[in-house]
**Q** 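Here it is: the structure, laid out below.
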Amino acid sequence: MRFPLATLAASLLATLPTAQAGEFLAQTGLSLSPPLGQTLSHLAPDADPHVLQLAANALACAEPDAERLAVIDFSLPSTEPRLWVFDLAEERLMFEELVSHGQGTGDAMAETFSNVQGSHQSSLGLFRTMNSYYGRNGYSLRLEGLETGVNDLAYQRAIVIHGADYVSEDFIRQTGRLGRSQGCPAVSREVTYPLIDSIKEDHYLFAYFPDPDWLETSAFLNCHRTDRQLASN
C-alpha cells in the first residue's frame, strides 16, 4: 500500500520534538500544518501539553474534521482555570475558565469519577455536545457520552454544562474552592451563554484525569482503527 509523502511526513512529525520537526520541514521543503496537539499547546500555554495531546488523539479518532473542542483537566484544583474551548477552524482559544466537578468527585481536588446514576460524580472521557435548553439550572447544554462504561450514561444522568453562582472567584475566596455540582461541569454565570453557544450541537468535550484504567482502555485514546470510532458502533 502506498501513502502520500505528506501523510508519511505528518506521521513522522508527530513523533518529533518541535525543533527537530522544524528542521525536517526545512530540509524537505514541505509545508505542513503542525499536529493538533502542538496547535492546542500554542493556543493555551497554561494548559498541560500532555492533556492537550490526549484530547487531540481522542478527537482524531472520533472526528478529525471537528471545528470546536472543549478540554477539561480535572487533575487541576477547582480554584484554577481548567476548562479551555478551542475554535479549531480558526485556530484560536475562545475560553479559559473555571469549571466545577461533582460533589462525589472530591473537595477542591477531584479524586473519583463515575458513570453511575445518583453518584453525584463527574465523568471522564470524550463527549459530543447536543442541544441547548432551559432547565432548572437555567441555560444548559446536553452532553452525549461516547465511551461505553465510562460516560455513556451522561444523558440519562442529566450531566450537562450549565451556569452556577458557586463557580466564581468570590466563592473561592469564601471557601477555598469552587462549589460542587451533582456531576455536571458547571461554569460561571457570566460565560454561560457565550460558552454554551460556542460548542453546542455536534462539537466535542474531552474531560481528563490520570485514571490508569481509563487511560489504558479508552477506545479513543487507544484508537488503532482507520475509520472513526463513534458511539453508535
**Q** Kindly check if the number of other-residue, nucleotide or ligand heavy atoms within 6.0 Å of CD (E96) is above 12?
**A** yes
**Q** Do the charged groups of R82 and D73 touch, with an N to O distance under 4.0 Å?
**A** no
**Q** As a test of understanding, state which of L124, L221, N222 forms a side chain to side chain contact (heavy atoms under 4.5 Å, CB included) with L215.
**A** L221
**Q** Between H42 and P34, is any pair of side-chain heavy atoms under 4.5 Å apart?
**A** no
**Q** Quick check: is Y193 connected to V191 through a chain of hydrophobic side chains (ILVMFWY, heavy atoms under 4.5 Å apart)?
**A** yes
**Q** Under a 3.5 Å cutoff, is there a donor and acceptor pairing between the side chains of R68 and T129?
**A** no
**Q** So do the side chains of T105 and R180 get within less than 4.5 Å of each other, counting heavy atoms only?
**A** no
**Q** Ignoring hydrogens, what is the shortest heavy-atom contact between A70 and I199? Give both atom names and the distance.
**A** CB-CD1, 4.3 Å
**Q** In the single-linkage hydrophobic clustering (I, L, V, M, F, W, Y; side-chain heavy atoms under 4.5 Å), do L143 and F86 co-cluster?
**A** yes
**Q** Determine the minimum heavy-atom distance between G145 and A154, stating which atoms define it.
**A** N-CB, 4.1 Å
**Q** Apply side-chain hydrogen bond (donor to acceptor under 3.5 Å, both in side chains) to S168 and R189, showing your working.
**A** CA-CA 8 Å; S168 68; R189 294 286 189 193; over 6 Å; no
**Q** Quick check on Y139: does its OH atom have over 12 non-hydrogen neighbours (other residues, nucleotides or ligands) under 6.0 Å away?
**A** yes
**Q** Mind listing the closest non-hydrogen atom pair of Q53 and G37 along with its distance?
**A** OE1-CA, 3.5 Å
**Q** Working to the nearest 0.5 Å, report the span between CD1 of I72 and CZ of F206.
**A** 10.5 Å
**Q** Give the minimum heavy-atom separation between C61 and A219, together with the two atoms involved.
**A** SG-O, 4.0 Å
**Q** Where is the tightest heavy-atom contact between L52 and A44, given as atom of each residue plus distance?
**A** CD1-O, 4.1 Å
**Q** With clusters defined by side-chain heavy atoms of hydrophobic residues (ILVMFWY) lying less than 4.5 Å apart, directly or transitively, does V99 cluster with Y166?
**A** no
**Q** Mind checking whether I159 and P185 have side chains closer than 4.5 Å, heavy atoms only?
**A** yes
**Q** Do F113 and F74 have side chains that approach each other closer than 4.5 Å (heavy atoms only, starting at C-beta)?
**A** yes
**Q** If you count the non-hydrogen atoms of other residues, nucleotides and ligands that lie under 6.0 Å from CD in E216, is the total more than 12?
**A** no
**Q** What are the two closest non-hydrogen atoms of H203 and E67, and how far apart are they?
**A** CE1-CB, 4.1 Å
**Q** Would you kindly confirm whether V85 and Y208 end up in one hydrophobic cluster when ILVMFWY residues are joined by side chain heavy atoms under 4.5 Å apart?
**A** yes
**Q** Taking L76 as the starting point, is it possible to reach L43 by hopping between hydrophobic residues whose side chains are less than 4.5 Å apart?
**A** yes
**Q** When rounded to the nearest 0.5 angstrom, what distance separates CE in M130 from NZ in K200?
**A** 14.0 Å
**Q** Walk me through whether S218 and E147 qualify under side-chain hydrogen bond (donor to acceptor under 3.5 Å, both in side chains).
**A** CA-CA 7 Å; S218 170; E147 303 205 34; 2.9 Å; yes
